[in-house]
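Below is one structure; the comments refer to it alone.
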Amino acid sequence: MLTLFSQGESKLVKTVYILGAGFSVEAGAPTQAAIMKEAFRLRDQDPNYFNESKFNIFENFLKEQMNISANSYQDIELEDIFTPLDRCLSDNSQFRGIDLGKIMDIRESVFYVVGKTIQILLNKTNKSKEYIDDFARYITKLSSVRAGTNYHRQDPVSVISTNWDILLDNSIYTTIQSNSTYDAVVDYCCYISSKDESDTTVKPGLEKLGQGGFNVKLLKLHGSLNWLQCPRCARLYARFLIKDTMRNFENPESCRHCDRNFKEDAGKHVLISNLIMPTFIKDLSNPQYRIIWQNAGIELSEASKLVFIGYSLPSADFELRQLLSRMTRKNAEIEVVDFCTDPERQEQIKKHWHNFFGKRNISYYFSGAKNYIGTIQS
């Protein structure tokens, strides 16, 4: 969208959507606060949902090391699990007599339970994700103006997500693949490689732009359940419609590039998950995340409008808060989309956002993500 000014100058109008867990809740995804409760509910419902050994390591850590009683498991916050583990790893210190190797095993088991819980709930839900499909079609259509040589002049939209789930990723991918007029890719704004060597639908956004197509930008600040990374070359592998992070627990694979380049070590370059956990000690030193976060800052700086959907701007998310504080324009319009019917709570939410964004113009929509997306479609 191009707005013309009388002085003969032009200004590109750009909207950046920032998504939190509330964006996916109406499609069946759990909030972070509900994950622990749901994990134990699912285990009690059917122990076969989880790898027994990993769940036992996870539960034993809560019971023995964190001294949590069974009736309080569901109330513990994930940050209070991951933060002490991450501090011990960064300081090369023990946790209540547990050595570093065991700490890594515990951390992996906690992540497994969290990721598996999300996967199970999304597989079991009967809630519709049509509103996410609608949003995917909407932002893909907006992004399509970048096809050909227009990407130098037009960049109307991007999405920054704090979520691991791949509901929106899959919807954008399916939108692109089902429309023969689209020559496009989902662009994670880092250097991405296809998990399947023969799959040409997964490639970096800049490569697709250079070929005359377009990119739909989706920057996932905390990682994604369809990403795996090589610990040697740091390549980031992705494919859609499959949660490879969870599959990798059962069927680990090696980096095909390093296996070819270093034949003497073939099979030893086992791909790993690189998700950023809920912790107060976020390690953003990974080269791929450094690129994503840098690009997120650029997207924010270019935005004339920021729309927060299902994101509460928590204090624990201080890395994103500082990025917003540094990179948001003073004249940027702010929209906050939440689900809240309590007038008193609505006023608290408004105060929270006004305290952060100050004198900027902020508007609120309290009928949830699904209804809001319906309004921008009309």
Side-chain angles (χ1 to χ4, degrees), residues 1-2 10 12-17 132-161 166-221 223-230 233-242 244 255-258 260-261 271 274 286-303:
M1 181 177 178
L2 196 64
S10 64
L12 290 172
V13 177
K14 179 173 184 172
T15 300
V16 174
Y17 294 91
I132 296 180
D133 294 336
D134 289 340
F135 185 63
R137 287 188 285 266
Y138 175 73
I139 61 173
T140 302
K141 184 177 180 180
L142 287 179
S143 300
S144 67
V145 299
R146 290 168 58 77
T149 60
N150 285 329
Y151 75 90
H152 292 296
R153 297 184 294 107
Q154 300 195 65
D155 187 13
V157 67
S158 65
V159 178
I160 296 173
S161 177
I166 56 175
L167 292 173
L168 181 58
D169 315 43
N170 288 339
S171 291
I172 298 171
Y173 179 78
T174 301
T175 296
I176 292 169
Q177 298 306 310
S178 62
N179 190 324
S180 60
T181 66
Y182 286 158
D183 179 20
V185 293
V186 179
D187 186 3
Y188 288 123
C189 295
C190 59
Y191 194 82
I192 205 83
S193 298
S194 175
K195 179 67 165 53
D196 296 325
E197 188 170 8
S198 60
D199 183 3
T200 60
T201 65
V202 178
K203 60 182 61 176
L206 288 177
E207 182 178 341
K208 177 55 68 177
L209 289 170
Q211 295 171 346
F214 68 93
N215 57 337
V216 184
K217 289 187 279 188
L218 175 59
L219 296 85
K220 305 194 77 172
L221 299 181
S224 187
L225 286 173
N226 63 331
W227 292 359
L228 291 172
Q229 189 169 30
C230 174
C233 69
R235 279 185 174 87
L236 194 62
Y237 290 95
R239 62 179 164 181
F240 296 94
L241 310 178
I242 297 174
D244 275 313
C255 173
R256 63 174 181 268
H257 292 283
C258 286
R260 289 174 188 158
N261 296 334
L271 301 178
N274 67 346
N286 185 300
Q288 299 287 3
Y289 280 112
R290 288 171 68 96
I291 295 171
I292 294 169
W293 279 77
Q294 179 190 15
N295 282 320
I298 293 171
E299 294 299 314
L300 293 173
S301 72
E302 294 174 345

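For the single chain, residues carry numbers from 1 onward in sequence order. Everything quoted here is computed from the prediction, not taken from an experiment.
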Next on the checklist: Check Lys217 with Glu302, please: is the shortest side-chain N to carboxylate O separation under 4.0 Å?
Outcome noted: no
Next on the checklist: Using 30° and 60° as the class boundaries, would you call the ring planes of Tyr237 and His257 parallel, tilted or perpendicular?
Outcome noted: parallel
Item to check | Closest non-hydrogen atom pair between Ala136 and Leu168, with its separation | outcome: CB-CD1, 4.1 Å
Next on the checklist: Apply side-chain contact (heavy atoms from CB on, under 4.5 Å) to residues Lys195 and Ile242 and explain how you reach the verdict.
Outcome noted: CA-CA 10 Å; Lys195 179 67 165 53; Ile242 297 174; over 6 Å; no
Next on the checklist: With rounding to the nearest 0.5 angstrom, report the CD to CD1 distance, Glu207 to Ile192.
Outcome noted: 12.0 Å
Next on the checklist: Show, in sequence, the C-alpha distance, side-chain angles and deciding distance for Thr181 and Asn179, and conclude whether the side-chain hydrogen bond (donor to acceptor under 3.5 Å, both in side chains) test is met.
Outcome noted: CA-CA 5 Å; Thr181 66; Asn179 190 324; 2.5 Å; yes
Item to check | Value rounded to 0.5 Å, distance of CG in Asn295 from CD1 in Ile298 | outcome: 5.0 Å
Next on the checklist: Tell me whether Tyr182 at atom OH has more than 12 heavy atoms from other residues, nucleotides or ligands lying less than 6.0 Å away.
Outcome noted: yes
Next on the checklist: Just verifying a value: how many Å separate Asn170 CG and Leu225 CG, rounded to the nearest 0.5 Å?
Outcome noted: 10.5 Å
Checklist entry - Would you say Gln288's side chain and Ala234's backbone share a donor-acceptor pair under 3.5 angstrom? => result yes
Item to check | Atom pair CG (Leu167) and OG (Ser161), whose distance is rounded to the nearest 0.5 Å | outcome: 10.0 Å
Checklist entry - Is there a donor-acceptor contact under 3.5 Å linking the side chains of Asn226 and Tyr173? => result no
Next on the checklist: Looking at every non-hydrogen atom in both residues, tell me the closest pair between Ala184 and Lys208 and how far apart they are.
Outcome noted: CA-CG, 4.1 Å
Item to check | Donor-acceptor contact present, side-chain Thr140 to main-chain Arg137, <3.5 Å | outcome: no
Checklist entry - Nearest heavy-atom pair of Ser171 and Asp133: which atoms, and what distance? => result OG-OD1, 2.5 Å
Next on the checklist: Testing the basics here: between Leu142 and Val145, what is the closest heavy-atom pair and its distance to 0.1 Å?
Outcome noted: O-CG2, 3.2 Å
Next on the checklist: Rounded at 0.5 Å granularity, tell me how far CZ in Phe214 sits from CG in Asp183.
Outcome noted: 8.0 Å
Checklist outcome for this item: In terms of heavy-atom contacts, Arg256 and Ser194 come closest through NH2-O, 2.8 Å
Item to check | Aromatic plane relationship, Trp227 with Tyr289 - under 30° parallel, 30 to 60° tilted, over 60° perpendicular | outcome: tilted
Checklist entry - What distance do Asp169 atom CG and Tyr188 atom OH have between them, rounded to the nearest 0.5 Å? => result 3.5 Å
Checklist entry - Do Thr201 and Asp199 have side-chain N/O donor and acceptor atoms under 3.5 Å apart? => result yes
